[in-house]
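The sequence lines fix the lettering, A, B, ..., with proteins before strands; numbering per chain opens at 1.
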2 protein chains.
Amino acid sequence: MRELLKNIQIRVNERIYLKDPESSDLGRSIINHSIKLIHELGIESFTFKKLAFALNTTESTVYRYFENKHNLLLYILSWYWGWLEYEIVLSTMNISDPTDRIQKTIEAISDPLKNELVHNYVDLKGLHEIVIAESPKSFLTKEVDLENEIGFFVNYKRICDRIVKNIQEINSEYPYSKTLALTIIQCANQHRFFASHFPNLTNISSEGKELHAFLSDLVLKTIQNNK
Amino acid sequence: MRELLKNIQIRVNERIYLKDPESSDLGRSIINHSIKLIHELGIESFTFKKLAFALNTTESTVYRYFENKHNLLLYILSWYWGWLEYEIVLSTMNISDPTDRIQKTIEAISDPLKNELVHNYVDLKGLHEIVIAESPKSFLTKEVDLENEIGFFVNYKRICDRIVKNIQEINSEYPYSKTLALTIIQCANQHRFFASHFPNLTNISSEGKELHAFLSDLVLKTIQNNK
DNA sequence: TAATAAACGATAGTAATACTCTTAATAATA
DNA sequence: TATTATTAAGAGTATTACTATCGTTTATTA
């Protein structure tokens, strides 16, 4: 079953790119090398010139696929959220108890790579670290409202919606289901960063193994039905 | 009592700046105008050139105070955390019940400006919005470990420590006090951003008035002592 | 298989950014 | 009044983030 995921096509809003990178070898290579380089250099030091050099091509070629590096970042993040949704769907499939299901979802979000997943051309581990270190920069901009309107964040929002529904199944009276859903996703990534760089500020170890326990406990205690 | 805060000197790690901006009118003016401009333009579009223009001076003058705009951002954020600590200390003073105290602390973090605070030369409202929109960028960098070692984030860490101690007073057995403390601070700012730009993803309104209720409920339910 | 269109590589060029350096003018202090 | 520190003004550099042009290659289709 998981074999299927290897080749699955993740849908990304087509206004993020100028030319679909999935439509050519070069395009896939751009994504592939972008993940490697952004992971290595950070988005600030990453440039299309460096990317072009790594690809043995020129800046102008890269610009034919993406308007700028911000959109390229949006693309790979959106791809990640799309991919993660598949992961969540697969891992919660056939689980009828909503509490069990939210546990599985939290697990998928906090440790998405535990299943030794391999993807055809995407380095999922590098991508996950980009999500941890760079994703807030994708929306903390002055252009966020515009980009949101165009639909650049739909893949992320779909995951939120899923969790919200799951929370409401467990306790339909809990008034902050949306806020709590956001908290789960954001905390999972954030605490991984803190675990790596500010170990004194957290009880999560650098491998992040306690993340699931922390979040499950937090969520379940918060939405349990006793007032 | 709050009058005292108007003139209080907030201590900021001296390696963040080249020349202490508190030491001259020009320095204070740099901070003052930086807050205005970063708030207005966002840190990406903010430049020392624009700042110098607003100050009626030149880039080289600004460079005598700060090595680069990243350090300037670190300065004003560090100043904010220093200031917020005073706020927390004042608002929890003489409150002996730790549960009451954490409530007050959460209130100070989620709505730091409710007391119509005025500061001598710092635009606290603008500053708070910078914290919301830009603070993750201050540590999500490749230089974070180095900067952390130098002590650029101590003001932030001190607030975390306070909350951790407060949590432990309420329940000394709760194993994730540090992680929860971080969660409170990070969520408070994050959810304000989402409330403004992704209203569909949260139950918090744009004024953020539900933030305190959400966080209090979350924290107290999580650390309550029944297993 | 030839014609035609699309994609790509190579090169040049521009405005802005993020600085550094030097020198002259002004203000503070001894 | 002399000395020192501080600031203003200007020039200069490497890099970034693009845009534009133009052949050449590759793919499509007639």
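Shown here are the ring pair (Phe, Tyr, Trp, His ring centres under 6.0 Å) partners of F152(A), two or more places apart in sequence or in another chain: there are none. When the salt bridge (Lys or Arg N to Asp or Glu O under 4.0 Å) test is applied to K209(B), the partners found at least two apart in sequence or on another chain are E207(B). Annotation: salt bridge (Lys or Arg N to Asp or Glu O under 4.0 Å) contacts of E107(B) (sequence neighbours excluded): K114(B). With sequence neighbours excluded, the residues that form a side chain to side chain contact (heavy atoms under 4.5 Å, CB included) with H128(B) are Y80(B), P112(B), L113(B), I132(B), N189(B), R192(B). Residues forming a salt bridge (Lys or Arg N to Asp or Glu O under 4.0 Å) with R28(B) (at least two apart in sequence, or on another chain): D25(B). Annotation: ring pair (Phe, Tyr, Trp, His ring centres under 6.0 Å) contacts of Y63(B) (sequence neighbours excluded): F48(B). When the ring pair (Phe, Tyr, Trp, His ring centres under 6.0 Å) test is applied to H197(B), the partners found at least two apart in sequence or on another chain are F193(B). Shown here are the ring pair (Phe, Tyr, Trp, His ring centres under 6.0 Å) partners of H33(A), two or more places apart in sequence or in another chain: there are none.
With a heavy-atom cut-off of 4.0 Å to chain A, the contacted part of DNA chain C has its first and last nucleotide at dA7(C) to dT11(C).
Screening I109(B), L180(B), I88(B) against I163(B) for a side-chain contact (heavy atoms from CB on, under 4.5 Å) leaves a single residue, I109(B).
Using a 4.0 Å heavy-atom cutoff across all strands shown, Y65(B) reaches sugar-phosphate atoms only and no base atom.
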Next item on the list: Let me have a per-nucleotide readout for nucleotides 13-28 of chain D, 5' to 3', with B, S or -, counting only protein heavy atoms under 4.0 Å.
Entry: ---SSBBB--------

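Heavy-atom distances under 4.0 Å link DNA chain C to no residue of residues 24-34 of chain B.
Applying the salt bridge (charged side-chain N to carboxylate O under 4.0 Å, His left out) test to residues at least two apart or on different chains, the pairs with a partner in residues 42-54 of chain A are E44(A)-K137(A).
For dA8(D), the OP1/OP2 oxygens have a side-chain nitrogen or oxygen of T57(B) closer than 4.0 Å.
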